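Heads up: the structure comes next, in structure tokens.
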Amino acid sequence: MKVVMMGLGYIGLPTAALIASKQIKTLGVDVSDKVVQKVNQGEIHIVEPDLAGLVKHVVEQGHLKAQTKPEEADVFLVAVPTPFKGDNEPDLKYVESATKMALPYLKKGDLFIIESTSPVGTTELMADLIYAERPELKGNIHVAYCPERVLPGNVIHELAYNDRVIGGLDSAAAEKAVEFYQHFVKGELHITNARTAEMCKLVENSSRDVNIAFANELSMIADKADIDVWELIQLANKHPRVNILRPGTGVGGHCIAVDPWFIVSGFPEESKMIRTAREINNYKTDWVLEKIKSTALQFELDKGRKPIIACLGLAFKPDIDDLRESPALRVFENLKSNFSEHTILPVEPNVDSHGENSMVLLEDAMQSADIAVKLVAHREFKKLKIENEKILLDFCGK
Ligand SMILES: NC(=O)c1ccc[n+]([C@@H]2O[C@H](COP(=O)([O-])OP(=O)(O)OC[C@H]3O[C@@H](n4cnc5c(N)ncnc54)[C@H](O)[C@@H]3O)[C@@H](O)[C@H]2O)c1
């Protein structure tokens, strides 16, 4: 068996390496020369524990190689980005271009699987695209969808042990895909159709988004009602069937903050709660900004000078270095541009710099700041000591 993986990013590279580790001939295809070169040198271009050793091993053993063009194979996997564009519309241009690149190399009996998070109907669309150019393949190849649900930082383990949902365009495709995933997945493989599998991935992340939106809404209500939201949630969660999540600065990252829009754009009339949850989580970041600005203005009125503000955390969630779609980063950047006469200190223990901003050490920032704004619950901020004169605005709890 030979496998082609289209896209060698956070998902494609670990998946290709895991497949290759089962002594399956694997060709990784990426449009980036840099990525291809790195992989062929047995190196990696992303941060992911345990991945470097695995890639080095499978490249040295000759089971994984990379190039910018596909070749004939038995299985084609697509793990390219699916961002959104314009008015929160899914942008399928990468999935389309990967499908078009693979198209000339497809032959009778091949299995074509999309793993990229995709709006409902994408697998059918890509099959139509293939059959429009290669009508002889209709009924002769197997097309399926199998979403990825790994947690960055634990990808190698989760790729092997998570359950997978596998949706075929027909049952033969689903069964063929199950046979394939059995080579490297130890978790259970659940069979369905492609549309359900596509929606399943979107619904998983929307469920998280809606639940976080409830916590974020509560935090704003509690603030107005002069109630400590952390105590409130802790007490409510004593109910045996209540489990309220933690509020924060908003919701970020490339999954939970993005995927719900794929449902909203496809089903605008029916997805009122999912849309509202997205809006609440985005609004929470504006609310945080307003809190910081009004606290700073009050400080200026009281003390006759502008406060120094330290932003504690820029990543989109605790203990990672990923700044994609990060609400904390949005707060920092907004303060930098709209509060330009103030000194704004970025503190992010997981990165050295971002653009032209060098990070400030936590101890230095805490010494000079008048207002410390806790935007991300990084472990480094757990034992924060606040001196009498200083103000702490904590948006993510102890
Ligand atoms: N990263 C995650 O934690 C995660 C988790 C679950 C699902 N997903 C989904 O998996 C998909 C891939 O995400 P990612 O994080 O790996 O993206 P990524 O940006 O890390 O990597 C994508 C790679 O695809 C390459 N590429 C773009 N167009 C291509 C083409 N036509 N042919 C070949 N390569 C091409 C890019 O150069 C890049 O190296 C997305 O749909 C994402 O939503 C990601």
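Just so you know, ligand 1 is whichever comes first in the structure, and atom 1 is the first atom listed for that ligand. Fair warning: this is a prediction, and the values are worked out from it, not measured in the lab. Start at 1 with the first residue, then count along the sequence.
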Query raised in the report: Is D30 in polar range of ligand 1, meaning some N or O pair under 3.5 Å apart?
Result: yes

**Report entry** Any donor-acceptor N or O pair under 3.5 Å, side chains N350, D321
**Finding:** no

Query - Which residue and heavy atom of the protein sit nearest atom 24 (O) of ligand 1, plus the separation - result: G7 CA, 3.5 Å

Query raised in the report: Which residue and non-hydrogen atom of the protein lie closest to atom 22 (C) of ligand 1, and at what distance in Å?
Result: P81 CD, 3.5 Å

**Report entry** ligand 1 contacted by H254 (non-hydrogen, < 4.0 Å)
**Finding:** yes

Requested in this report: For V29, counting its heavy atoms only, list the atoms of ligand 1 lying under 4.0 Å from any of them.
Outcome: 33 (C), 34 (N)

Query - Nearest-contact summary for atom 21 (O) of ligand 1 - protein heavy atom, Å - result: G9 CA, 3.1 Å

Query - N-O pairing of E71 and K2 below 4.0 Å - result: yes

Report summary line: Quick note on ligand 1: atoms under 4.0 Å from a heavy atom of A98 include exactly 31 (N)

Report task. Decide whether E136 and N140 meet the rule of one side-chain donor and one side-chain acceptor closer than 3.5 Å. Result -> no

Query - H142 versus E175, side-chain donor and acceptor atoms under 3.5 Å - result: no

Query raised in the report: In ligand 1, which numbered atoms sit nearer than 4.0 Å to a non-hydrogen atom of Y94?
Result: 27 (C), 28 (N), 31 (N)

Report summary line: for atom 30 (C) of ligand 1, nearest protein heavy atom and its distance come out as V31 CG1, 3.6 Å

Query - Minimum-distance protein heavy atom relative to atom 31 (N) of ligand 1 - result: S97 OG, 2.8 Å

Query raised in the report: Does D74 pair with K107 as a salt bridge, N-O distance under 4.0 Å?
Result: yes

**Report entry** K306 with E341: basic N within carboxylate O range, under 4.0 Å
**Finding:** yes

Report task. Please say whether I11 places an N or O atom under 3.5 Å from an N or O atom belonging to ligand 1. Result -> yes

Query raised in the report: For ligand 1, is there an atom lying under 4.0 Å from some heavy atom of K100?
Result: no

Report task. Under 4.0 Å from a heavy atom of P152: give me the atoms of ligand 1 that qualify, with their elements. Result -> 3 (O)

Query raised in the report: Does L64 offer a backbone N or O that forms a donor-acceptor pair with the side chain of T26 under 3.5 Å?
Result: no

**Report entry** Donor-acceptor side-chain pairing of N334 and K293 below 3.5 angstrom
**Finding:** yes

Report task. Please report which non-hydrogen protein atom sits nearest to atom 11 (C) of ligand 1, along with the residue it belongs to and the distance in Å to one decimal place. Result -> V80 O, 3.4 Å

Query raised in the report: Any chance the side chains of N193 and T196 put a donor and an acceptor closer than 3.5 Å?
Result: yes

Report task. Considering only non-hydrogen protein atoms, determine which one is nearest to atom 15 (O) of ligand 1 and report residue, atom name and distance to 0.1 Å. Result -> Y10 CB, 3.5 Å

**Report entry** Winner among T82, T15, V150 once heavy atoms are compared against atom 41 (O) of ligand 1
**Finding:** T82

Requested in this report: Just need the protein heavy atom nearest to atom 43 (O) of ligand 1, so name the residue and atom and give the distance.
Outcome: T117 OG1, 3.3 Å

Query raised in the report: Going by an N to O cut-off under 4.0 Å, is there a salt bridge joining K390 and D370?
Result: no

Query raised in the report: Mind checking whether E148 has an N or O less than 3.5 Å away from an N or O of ligand 1?
Result: no

**Report entry** Carboxylate-amine/guanidinium contact K272 E279, below 4.0 Å
**Finding:** no

**Report entry** Identified side-chain hydrogen bond (donor to acceptor under 3.5 Å, both in side chains) counterpart of E198 within the set T122, T117, T192, T123
**Finding:** T123

Requested in this report: Among E188, H190, E115, find the residue that satisfies the side-chain hydrogen bond (donor to acceptor under 3.5 Å, both in side chains) test when tested with R164.
Outcome: E115

Query raised in the report: Is there a nitrogen or oxygen of K201 sitting under 3.5 Å from a nitrogen or oxygen of ligand 1?
Result: no

Query raised in the report: Hey, does R324 come in under 3.5 Å of ligand 1, counting only N/O atoms on both sides?
Result: no

Query raised in the report: Any N/O of E115 closer than 3.5 Å to an N/O of ligand 1?
Result: no

